[in-house]
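Scroll down for the structure; my scribbles are underneath it.
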Amino acid sequence: MTTFHRAVLNFETKCEERNVPKETVMAYLVEISQRERYNLYANFDQEMPKELEEEFSNGMQRILNQEPMAHVLGYSWFYGYKMIANPTVLIPRYETEELCANVLARIDELFMDEEKIVCADIGTGSGAIAITLVKEESKISMYATDISGEALETAKQNAEMNEADITFLQGDMVQPIIDANIKLDVLVCNPPYIPEDETMEESVIDYEPHVALFGGQDGLKFYRSVFENCKKVLKEKSFMAFEMGWNQRESMEKLLHEYFGDVNYEIMKDINGKDRMLFVYFGCE
Ligand code: SAM
Ligand code: GLN
């Protein structure tokens, strides 16, 4: 028998020893107890129910072994929507919520008068971006692609769970959009962008699909693929929005120049002040 307080302190200490962020302990407890944080704190000295104590202890053991909390729970939250998380897909990141918010803002500005906005999420993974956009903007008609059949299965389950109407297509980057002869107002893409030889945290490298992480020698392989083919799928007035690595500004600007010459673009920072999003505009003057 233990109190909430003692159990939390115990695992916070263990987290520090194992280099796991100790905030994970309360975050995990909030999820499995289905109680608000303030409610847990208000009852911190009470005995923890036996079943909860067991679940907490088992789950924390896995988290201490570097397994992502989202895998232990089987889900994570993205833009307020619940997403199934499993080893077939990248666990959606906070930075990507910012990408969605900015895409929605630009859609409001640029396509205010349109009745229907055709949008594609390339490399959809869990489906997090596609689901969020279509739930938040009812004028969007959404396509989502991935090379991974397993990822698409998870994305379909997530779309169903969130009642999001999305057409899923399997294939290499924009190729399925070309094949289906779809013309887009908006192309969104969070491609794998980690350079091949980069060292990464254990919890990412051991548990997340490598097909979702690595973007060739310099991390830019998939941007090249989209830049090369985008004119085949974009309407004259359209924009593309990408997530990018915090240290890729210079090489990205070079690449943009190479493919599009003098093009209208912006690189936006994330909440941590790091270069994180690339928006490229065509015919939007
Ligand atoms: N869109 C999701 C998100 O933002 O959380 C997942 C992004 S993850 C960084 C990149 C995704 O691209 C993975 O789901 C991976 O399977 C997919 N992918 C990798 N290579 C691809 C390719 N050649 N064509 C299409 N998708 C690809
Ligand atoms: N941001 C992810 C990470 O750091 C990588 C996402 C990506 O390559 N698009 O693990």
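When a ligand or atom number is given, it counts from 1 through the structure's own listing order. Every heavy atom of this structure was used, including side-chain atoms; hydrogens, water molecules and symmetry mates were not.
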Report task. Report yes or no: is the cationic atom of Lys231 (NZ for Lys, CZ for Arg) closer than 6.0 Å to the six-membered ring centre of Tyr259, at no more than 45° off its axis? Result -> no

Tell me whether ligand 1 is touched by [X] - counting only heavy atoms on the residue side and a distance under 4.0 Å.
X: Pro192; answer: yes
X: Gly171; answer: yes
X: Pro191; answer: yes
X: Val211; answer: yes
X: Tyr193; answer: no

**Report entry** Option nearest atom 7 (C) of ligand 1 (shortest heavy-atom distance, choices Asn190, Thr145, Thr124, Ile129)
**Finding:** Asn190

Query raised in the report: Which bit of Ala128 gets closer than 4.0 Å to ligand 1, counting heavy atoms only: side chain, backbone, both or neither?
Result: neither

Please report which non-hydrogen protein atom sits nearest to [atom], along with the residue it belongs to and the distance in Å to one decimal place.
atom: atom 16 (O) of ligand 1; answer: Asp146 OD1, 2.6 Å
atom: atom 6 (C) of ligand 1; answer: Gly123 O, 3.5 Å
atom: atom 8 (S) of ligand 1; answer: Ala212 O, 3.5 Å
atom: atom 26 (N) of ligand 1; answer: Ile147 N, 3.3 Å
atom: atom 24 (N) of ligand 1; answer: Met173 N, 2.8 Å

Query raised in the report: For ligand 1, which atoms sit closer than 4.0 Å to a heavy atom of Thr96?
Result: 4 (O)

Query raised in the report: Should Phe227 and Leu184 be counted in the same cluster of Ile, Leu, Val, Met, Phe, Trp and Tyr side chains packed under 4.5 Å apart?
Result: yes

Report task. Please list all pairs passing the side-chain hydrogen bond (donor to acceptor under 3.5 Å, both in side chains) test where one or both residues lie in residues 45-59, with sequence neighbours left out. Result -> Asn43-Gln46

Query raised in the report: For atom NE2 of His210, is the number of surrounding heavy atoms from other residues, nucleotides or ligands below 6.0 Å larger than 12?
Result: yes

Query raised in the report: Can Glu266 and Arg106 be counted as an ion pair, charged N to O under 4.0 angstrom?
Result: yes

**Report entry** Presence of salt bridge, Glu250 and Lys254, under 4.0 angstrom
**Finding:** no

Report task. Indicate, with yes or no, if the rings of Phe44 and Tyr41 have centres closer together than 6.0 Å. Result -> yes

Query - Check: Phe242 ring centroid to Tyr193 ring centroid under 6.0 Å - result: no

I'd like the atom pairs linking ligand 2 to the protein - N or O on both sides, separation under 3.5 Å - with distances to 0.1 Å.
{"residue": "ligand 2", "atom": "1 (N)", "partner": "Tyr193", "partner atom": "OH", "Å": "3.4"}
{"residue": "ligand 2", "atom": "8 (O)", "partner": "Tyr193", "partner atom": "N", "Å": "3.0"}
{"residue": "ligand 2", "atom": "9 (N)", "partner": "Asn190", "partner atom": "OD1", "Å": "2.7"}
{"residue": "ligand 2", "atom": "9 (N)", "partner": "Pro191", "partner atom": "O", "Å": "2.7"}
{"residue": "ligand 2", "atom": "10 (O)", "partner": "Arg93", "partner atom": "NH2", "Å": "2.8"}

Query raised in the report: Polar-atom distance check: Asp172 versus ligand 1, any N or O pair below 3.5 Å?
Result: yes

Report summary line: In terms of heavy-atom contacts, Pro176 and Gln170 come closest through CG-O, 3.7 Å

